[in-house]
There are 2 protein chains.
Amino acid sequence: MSVTPTRDRRSERHEATRAEILEAAWELAREQGLAALSLRDLGRKVGMRAQSLYSYFDSKHAIYDAMFARGVADFLERNRQLGSTDNPRDDVRAVARLFFGFCVEDPARYQLLFQRTIPGFEPSPESFAPSVEGLELLSRRLADAGADDPADLDLCTALITGLVDQQISNDPGGDRWYRLLDEAVDMYFARIDTRTNRRKR
Amino acid sequence: MSVTPTRDRRSERHEATRAEILEAAWELAREQGLAALSLRDLGRKVGMRAQSLYSYFDSKHAIYDAMFARGVADFLERNRQLGSTDNPRDDVRAVARLFFGFCVEDPARYQLLFQRTIPGFEPSPESFAPSVEGLELLSRRLADAGADDPADLDLCTALITGLVDQQISNDPGGDRWYRLLDEAVDMYFARIDTRTNRRKR
DNA sequence: GTCTATATTTGGATAGAC
DNA sequence: GTCTATCCAAATATAGAC
């Protein structure tokens with residue numbers, strides 16, 4: 001009589017290898033640039049021929065896509081670990097710092113997740129969907145802090161990604177723009193307050 | 001007796017062909033993405049074999065470099081045409097709009113000039129130097145408008161490029177973030193005023 | 001699942017004839 | 001200055017043996 005095991009050791013191993021390949025892909029992207037990633041190098045890094053990677057991914061774009069999904073998942077995990085205080089604006093400052101640090105610590109990841117510079121690649125809907133959740137987490141915290149207009153959210157994301165962008169492009173590894181982050185958030189809330197007061201009158 | 005002509009028709013033609021190649025390169029970059037530019041395609045576009053391009057440029061990176069220089073020059077030209085009014089803050093708003101428009105109208109150019117996503121490429125010192133002048137034009141206008149601290153300039157560039165970035169990445173061709181530009185500059189100056197008032201006390 | 005072998009395309013770049 | 005010819009390397013991808 002045949003028995004169906006609850007664990008499938010084969011697929012477990014398959015998944016483990018997939019994860020190993022993805023980790024190696026991220027390392028190469030960090031070392032040589034995201035666009036310079038090649039299946040040859042990637043295969044060598046995990047001790048395989050390039051062709052064997054096709055047992056795990058359908059194409060190079062599929063690898064980019066899985067890298068994208070992994071990056072989004074990493075961000076969400078950190079975001080969820082972020083608690084709340086009784087001061088909503090401190091919470092926004094905290095999420096801003098979290099996002100800033102996440103982007104700056106790995107420019108290649110920032111490039112894949114938030115810029116569109118790989119010709120021909122865009123994330124699949126399945127990989128992209130979870131990233132919406134990350135935006136919603138910020139959106140909710142902003143609403144708690146008094147910024148509930150959709151345009152408020154747009155301005156906030158622009159403000160933070162602008163600092164990130166300048167930091168990565170013009171002072172990689174430094175903190176020239178990181179030092180401005182809290183001040184920028186204060187400026188943002190000052191504007192929210194002004195508008196709110198105008199409304200009340 | 002030999003005569004030295006004041007015009008060198010040969011080098012004039014050489015320069016004209018160089019310019020033609022650069023224009024074609026920009027067109028290809030806009031059509032297929034900056035990183036997808038290839039000498040084969042470029043040669044075909046100007047009616048040459050790829051190898052013949054080496055009579056005009058030493059390498060592919062030299063072409064990127066010339067494209068970079070051309071982009072910077074285009075921006076400077078527009079920037080210089082911008083006059084001044086008696087209201088320094090209107091002037092800042094004007095330069096912000098100019099910069100925003102310049103970036104958004106050609107994302108490939110924005111990528112080459114302000115992001116660092118081509119593996120292995122960075123502009124030569126000669127090509128990069130003029131871009132400092134563009135930053136100084138903004139810096140001077142900001143100082144006229146009361147924002148004279150170096151950190152003020154950093155925050156301003158972050159704010160504007162952030163809006164540009166979001167516009168290009170998340171609403172290409174639209175105006176979802178362009179609509180926020182004037183408001184963002186107002187927010188920025190409101191903060192400058194607050195700080196100035198604090199100082200005076 | 002990994003390999004060899006191979007196809008196919010593409011890329012940047014050089015040598016030398018004309 | 002442009003061409004042909006060629007090189008060399010790298011890239012993604014497929015077929016089929018083991």
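Every chain is numbered from 1, with letters handed out A, B, ... down the list of sequences.
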Check the orientation of A/F121 and A/H61. Use parallel for under 30°, tilted for 30 to 60°, and perpendicular for over 60°. perpendicular
A/M48 CE to D/dA13 C1', in whole Å, measures 16 Å
Where is the tightest heavy-atom contact between B/I168 and B/P107, given as atom of each residue plus distance? CG2-CB, 4.0 Å
Between B/D58 (CG) and C/dT14 (P), how many Å, whole number? 9 Å
State which of C/dG1, D/dA13, C/dA13 makes the closest approach to the side chain of B/S59. C/dA13
Whole-Å distance, B/L53 CG to D/dT4 P, equals 14 Å
B/I118 CD1 to C/dG12 C1', straight-line distance once rounded to whole Å: 15 Å
So B/T17, base contact, sugar-phosphate only, or nothing? Heavy-atom distance under 4.0 Å. nothing
I need the CG-P distance between A/L42 and D/dA11, as an integer number of Å. 11 Å
Of the listed nucleotides C/dG12, C/dT4, D/dT12, the one nearest the side chain of B/K60: C/dG12
Output yes when at least one side-chain N/O atom of B/S52 is less than 4.0 Å from OP1 or OP2 of D/dG1, else no. no
Roughly, in whole Å, what's the span from CZ in B/R49 to P in D/dC3? 7 Å
Would you indicate what B/L37 reaches in the nucleic acid, counting non-hydrogen atoms under 4.0 angstrom: base, sugar-phosphate, or nothing? sugar-phosphate
Nearest-Å distance, CZ (B/R44) to C1' (D/dC3)? 17 Å
Do the side-chain N and O atoms of B/T161 and A/Q166 include a donor-acceptor pair separated by under 3.5 angstrom? yes
So, is B/Y54 near the phosphate of D/dT2, with a side-chain N or O under 4.0 Å from OP1 or OP2? no
Nucleotide C/dT10, atom C1' - distance to CG of B/D41 in whole Å: 10 Å
Looking at D/dA10, I'd like to know if its phosphate oxygens (OP1 or OP2) sit under 4.0 Å from a side-chain N or O belonging to A/S38. no
Listed nucleotide nearest any side-chain atom of A/Q51, set C/dA13, C/dA5, C/dC3: C/dA5
Pair A/D65-A/S127, side-chain donor/acceptor within less than 3.5 Å: yes
Which atom pair, heavy atoms only, marks the closest approach of A/A25 to A/L37? O-CD1, 4.0 Å
For A/R40 and D/dT12, is the shortest distance between a side-chain N/O and OP1 or OP2 below 4.0 Å? no
